[in-house]
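Bear in mind that the values here come from a model prediction, so they are computed numbers and not experimental data. Convention: sequence-line order gives letters A, B, ...; per-chain numbering from 1. Scope of the values below: all heavy atoms of this structure, side chains included, with no hydrogens, waters or symmetry mates.
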Amino acid sequence: MAINVKVLDRPIADTSYLRATVKGMALTLKHLVDPHKVTVQYPEEKWTLSPRWRGTHRMLTTEDGTAKCVACGLCPTVCPANCIKLVPGEDEEGNRYPLVFEIDEFRCIFCGYCQEVCPEEAIHVGRHYENAEYSRDGFVYDLERLTAQTHPVCEMWDPADPKGE
Amino acid sequence: MTAPMVNLTIEGRAVAVPAGTTILEAAKVAGVLVPHYCYHPGLPVAGVCRMCLVEVEKMPKLAPSCATTVGEGQVVHVYSEKALEARKGVLELLLINHPLDCPICDQSGECELQDYTFAEGRADSRYREPKRFNPVEDFGGDVMYVPNRCILCTRCVRFMDDLAHDEALCVQERGDRASIGKATEKDLTHPWAANVVDLCPVGALLSKDFLNKARAWELDRTASVCPNCAQGCNTIVETRDNVVMRFKPRTNTEVNQYFLCDEGRLDYRWLNRADRATQPMIDGVLADWEEAIHAAARLAKGATVRLVANASLSNEALYLLKRAFGPGVITVRTGAEAPLPGASDLALRADRAANATGAEWMGYRRVSAPLEGLGAGDVLVIADHDLTGVSAEAVSRAKAVIVIGTQVPAAVTAPNVVLPIANMAEEEGTFTNLRGRVQRFLQAKAAPGMARPSWFVLADLATQLGQPAVHFTAGAVFDALAKAEGAFAGLSYDTVALKGKLAAGATAGARA
Amino acid sequence: MILPTPMLLQVADPTVAASTGVFLIATVVKMLAIFTLYMVGVAYTTLAERKISAWIQDRHGPNRVGPWGLLQVAADGVKNIMKEETFPGDVYKPLFLIAPALAFVPAMITWAVIPFAAPWGSPWGRIDMVVADLPIGFLFTLAISSLGVYGITLAGWSSNNKYALLGGLRASAQMISYEIAMGMSTVAVLLLSGNVHMSQIIDQQVATNWNVILLSVAFLLFLVSSFAETNRVPFDLPEAESELIAGYHSEYSAMKFSMFPIAEYANIITASGLMITLFFGGWDIPFTSWDNVGPHTGLKSAITFAFFLLKVVAFVFFFIWIRWTLPRFRYDQLMALGWKIMLPIALLYIVVIASAILALDATGLSRGTVAYQGALFAVNLVLLVLIVFVLDRGRLISPAYSRLERERVARLRLMAQQSDLATSRES
């Protein structure tokens with residue numbers, strides 16, 4: 001019967017509460033007087049987001065303002081969180097287009113696979129983080145909402161460092 | 001009778017095949033799929049696509065494996081450098097004018113050009129010139145033609161010529177302008193014409209019915225049998241989100257080869273009907289299953305029962321109905337028979353019911369007026385029958401009406417008991433086709449509401465009526481059926497399997 | 001033996017105390033002024049806590065309400081008053097309602113006996129700069145401060161919540177334990193000053209030296225006990241949020257909840273005031289004596305008051321600083337520290353310091369001399385060295401880490417060596 005006994009045998013200096021306290025207080029005092037603060041004054045100051053930041057989605061449009069999406073169904077297929085709802089349809093000219101395209105941003109895990117898989121470069125994850133809504137329903141983005149958004153989109157990789165090295 | 005066997009080596013695997021077999025088929029025996037477009041086992045060999053080129057030792061040139069028969073001692077290399085290089089070239093040329101519109105192409109996901117290009121093709125194209133463009137053409141029937149995607153394998157032309165014997169299609173123009181054209185004044189209205197959609201290896205021929213409805217990879221596929229006529233073509237039921245999206249033929253060389261008629265393939269929407277009976281009911285009031293079965297049993301016990309059954313019910317359901325009420329009557333809707341002349345014994349049959357043969361073997365009578373002679377004190381049991389052409393007054397003559405079905409027929413205004421059952425796509429079972437072949441179909445989707453499989457409901461009901469039928473699976477019901485009915489003797493789900501089996505009744509000529 | 005009590009203090013006319021009328025008016029004025037100042041001080045201590053904690057954590061702290069966030073306290077007050085009052089089911093309402101007040105009032109009352117400035121020889125007679133110059137001032141503080149525990153314990157008990165109850169029980173046990181050490185540590189002060197009159201204790205320190213020099217060990221004990229008495233980190237076990245939700249005030253909301261933080265900060269200020277009075281010479285300005293001799297003008301009172309405030313601010317800062325540095329004790333550590341370390345040291349210290357005073361007085365040295373004070377300081381220094389370098393070797397806080405448990409370590413190591421599967425082996 002072995003007992004795993006971890007014998008703690010610390011130096012005296014480490015076991016003295018009062019000395020450790022003084023050390024700790026010196027440390028906190030150092031930070032207290034240090035003028036460098038990490039807080040970002042949010043509404044006035046904002047983060048500079050990485051070009052690879054993956055936020056809520058945006059659907060890019062063609063010159064005439066319609067979504068680039070052709071409802072090929074790759075994004076709902078690749079989506080690991082199953083958050084994309086797509087119903088394909090056909091317009092007067094027989095072109096395939098998304099009749100319904102909804103992304104449940106609550107379900108989304110922001111992996112960016114949808115952007116990566118999209119053959120039309122239509123759906124993108126956004127470089128953007130201000131998503132607050134007054135109701136849960138507001139987080140199911142429909143096609144209108146997705147195309148109306150204007151925030152910049154993710155680059156997926158840094159052009160200067162495509163392999164992420 | 002048996003052809004002499006030929007021994008050869010394909011990709012290092014020794015195989016023995018009958019003389020006269022092509023290398024491509026021999027390779028299938030060896031477990032190697034040689035890429036091909038124009039070749040189809042159900043069609044005559046054309047040898048136009050050059051995709052199936054393989055290297056055969058001691059042959060100076062690459063051989064088209066679809067058109068080259070095997071020879072003794074041949075050594076075949078499917079994946080040799082030379083063969084791969086040749087096929088890569090073929091693919092590059094095919095893709096010169098093939099648009100890269102996979103995202104909007106219905107064939108995407110089940111496209112042979114996509115698959116083989118992914119497996120063996122170049123990663124990019126060296127072709128810089130604009131691609132050929134031709135507008136989409138409506139071929140009539142259910143078929144739409146997208147010439148840009150066509151690779152001119154001529155499978156469709158050969159099908160129409162050699163199987164349908166209706167020369168509606170041809171290759172028009174020559175060279176890079178070539179495309180498939182319709183013969184003058186002709187449309188693809190042949191009753192089997194939609195098979196060209198299945199045959200087309202790319203997205204050039206598309207089903208208008210299925211256009212833009214679903215992606216191939218979203219569909220769940222279930223082996224089934226076409227319920228729309230007595231031929232019993234083997235099918236694949238393709239569903240998405242519990243909705244049947246389409247029927248596809250399932251290869252069975254004994255029954256339908258590789259084909260499925262237009263009427264059968266397009267008649268699937270009734271499987272998705274929303275106006276179904278979903279709750280057991282007693283006198284219009286929702287009830288639970290046990291109460292409803294008891295109520296039905298009370299009504300039927302001791303009474304004269306008139307059983308009207310749907311001839312497309314499974315063997316299992318018909319057997320249990322017979323046990324509960326004795327054999328009843330069936331009606332069979334008929335239509336024009338439409339054969340596929342190039343295939344033996346394959347036609348859209350006049351009997352547009354899946355299981356009339358099985359019903360008749362079990363003693364059901366085929367009648368045209370199911371309620372004729374219904375006595376005033378009789379109990380009417382309607383087993384999934386729609387009572388088309390029957391008036392409500394005729395039904396009201398019955399003392400009580402028990403509906404066991406997917407829907408309550410319009411003629412039944414006040415059913416005493418409703419027992420909702422699953423339709424054929426929602427349960428497991430067997431049909432007997434007109435040649436006496438028993439064939440299984442599997443469950444493809446879930447039944448709505450509280451509806452239960454027919455054999456489940458009827459086993460309970462038969463038990464309540466003093467005919468103990470305690471079965472827990474459809475297979476067990478079939479085993480009991482095989483024991484009780486001589487025509488089905490010796491069969492079980494295992495022996496029937498997915499290709500079906502001729503029943504004893506067929507060989508004994510028991511067909512009524 | 002009558003100990004000499006030097007009377008350096010002189011008033012405008014020491015024989016003429018203020019008349020009753022003046023005394024009453026002055027007392028009312030002092031009460032209003034001190035109460036106002038005290039409450040504002042408490043309010044801004046909460047802001048100081050948030051600001052200092054932020055700075056220590058490299059943050060900015062509240063800075064949105066008013067310049068530098070100075071109006072944050074007003075916003076907090078308004079918020080707390082406007083919030084919904086909640087009464088959980090089956091609380092015992094009378095106590096539930098009275099407990100927040102009970103927690104706050106003792107801290108405030110204690111303040112009445114703390115002198116906050118040099119007396120003012122006003123034209124209407126001498127006015128002592130203390131709300132109530134009780135002759136038994138120190139005993140009064142001890143008596144009142146022990147009432148503070150009722151607020152917390154009753155809050156915990158009446159909340160009908162097991163976490164609150166545990167918090168309340170912890171508070172009562174903790175406060176009783178540390179009150180003993182606290183009381184014992186002040187015995188040394190009383191021995192030296194020979195009086196329990198707050199003003200007289202200050203006079204004694206003015207005459208000799210601050211007690212923090214003469215009675216350093218007592219100060220250390222008193223300081224630690226003050227932290228325990230105010231339920232501040234590392235002694236904030238009654239509200240230990242990681243184990244008891246919010247402890248005794250889990251069920252409180254709105255202003256009733258707010259009373260508990262107010263009480264806590266009030267206690268901090270009061271404890272600071274007490275420590276200043278007992279060990280830091282009260283309002284005395286160090287290294288000068290002009291403030292201690294007459295004439296006692298109003299200006300002098302004002303300057304000494306400012307100095308007193310400065311000391312309070314320094315102590316409040318110290319309290320906050322400690323809070324954002326140290327982690328919380330385990331309950332067994334807390335009890336061990338109180339009963340096994342603090343109390344014995346306090347008792348021993350009484351003996352040592354009483355002997356030292358007796359011996360030094362017997363030598364005939366005057367208490368004002370450097371030799372006398374030096375000798376007393378030397379005794380304290382020796383004790384401090386013993387505490388820090390001999391006693392404080394892990395045993396103080398956690399027996400598990402103790403160097404003094406050598407035997408136990410050796411025994412465990414032997415067991416480990418005898419075991420084939422031992423994991424802890426030294427090469």
Side-chain angles (χ1 to χ4, degrees), chain A residues 1-56 110 127-138 151, chain C residues 51-61 63-64 220 224 234 317-318 320-327 329 333 337 341 384 387-406 408-426:
Chain A
M1 284 288 283
I3 47 166
N4 285 338
V5 180
K6 191 177 177 197
V7 178
L8 287 168
D9 190 6
R10 300 188 176 192
I12 294 175
D14 286 5
T15 59
S16 164
Y17 187 80
L18 290 175
R19 272 175 280 174
T21 302
V22 172
K23 247 159 89 184
M25 290 175 76
L27 182 73
T28 46
L29 189 68
K30 209 175 83 197
H31 282 272
L32 176 74
V33 295
D34 185 352
H36 170 72
K37 302 294 173 202
V38 295
T39 315
V40 174
Q41 295 295 321
Y42 166 61
E44 295 93 26
E45 279 177 52
K46 288 188 183 171
W47 271 9
T48 30
L49 297 178
S50 151
R52 295 172 61 180
W53 176 277
R54 301 189 300 265
T56 50
F110 302 101
R127 264 153 73 190
H128 161 93
Y129 56 88
E130 286 154 315
N131 312 311
E133 291 281 345
Y134 283 101
S135 82
R136 298 183 67 84
D137 306 337
H151 53 75
Chain C
K51 274 290 194 188
I52 291 168
S53 69
W55 293 332
I56 283 177
Q57 294 164 358
D58 291 344
R59 295 183 286 114
H60 289 294
N63 61 355
R64 296 275 149 179
L220 189 66
V224 172
F317 171 74
F318 184 75
I320 293 170
W321 185 13
I322 285 281
R323 168 164 179 190
W324 297 101
T325 302
L326 295 182
F329 283 134
Q333 293 172 335
L337 181 66
I341 310 283
L384 279 177
I387 288 172
V388 175
F389 291 98
V390 182
L391 186 57
D392 184 16
R393 286 185 171 195
R395 168 162 286 184
L396 208 55
I397 298 310
S398 172
Y401 293 173
S402 173
R403 291 284 292 196
L404 294 180
E405 304 230 343
R406 276 267 175 218
R408 194 157 161 267
V409 170
R411 205 164 62 238
L412 290 172
R413 188 161 285 148
L414 193 66
M415 287 162 79
Q417 277 167 0
Q418 284 166 351
S419 159
D420 285 341
L421 297 170
T423 53
S424 168
R425 249 185 227 156
E426 284 166 31

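- Heavy atoms closer than 4.5 Å to chain C are found nowhere in A:Leu27, neither backbone nor side chain.
- Listed by chain and residue number, C:Glu49 satisfy the salt bridge (charged side-chain N to carboxylate O under 4.0 Å, His left out) test with C:Arg323 (two or more places apart in sequence, or in another chain).
- Scanning for ring-ring contact (aromatic ring centres under 6.0 Å, His included) contacts around C:Trp321 gives C:Phe317, with sequence neighbours left out.
- Among all heavy-atom pairs drawn from A:Met25 and C:Thr325, the shortest one is N-CG2, 3.4 Å.
- C:Ile52 places a side-chain heavy atom less than 4.5 Å from the side chain of A:Leu32.
- Among all heavy-atom pairs drawn from A:Lys37 and C:Arg59, the shortest one is CD-O, 3.0 Å.
- Residues C:Ile56 and A:His31 come closest through the heavy atom pair O-CB, 3.1 Å.
- Here A:Thr28 is the residue among A:Asp34, A:Leu29, A:Thr28 with the most heavy-atom pairs under 4.5 Å with chain C.
- Only the side chain of C:Leu326 comes within less than 4.5 Å of a heavy atom in chain A; its backbone stays farther off.
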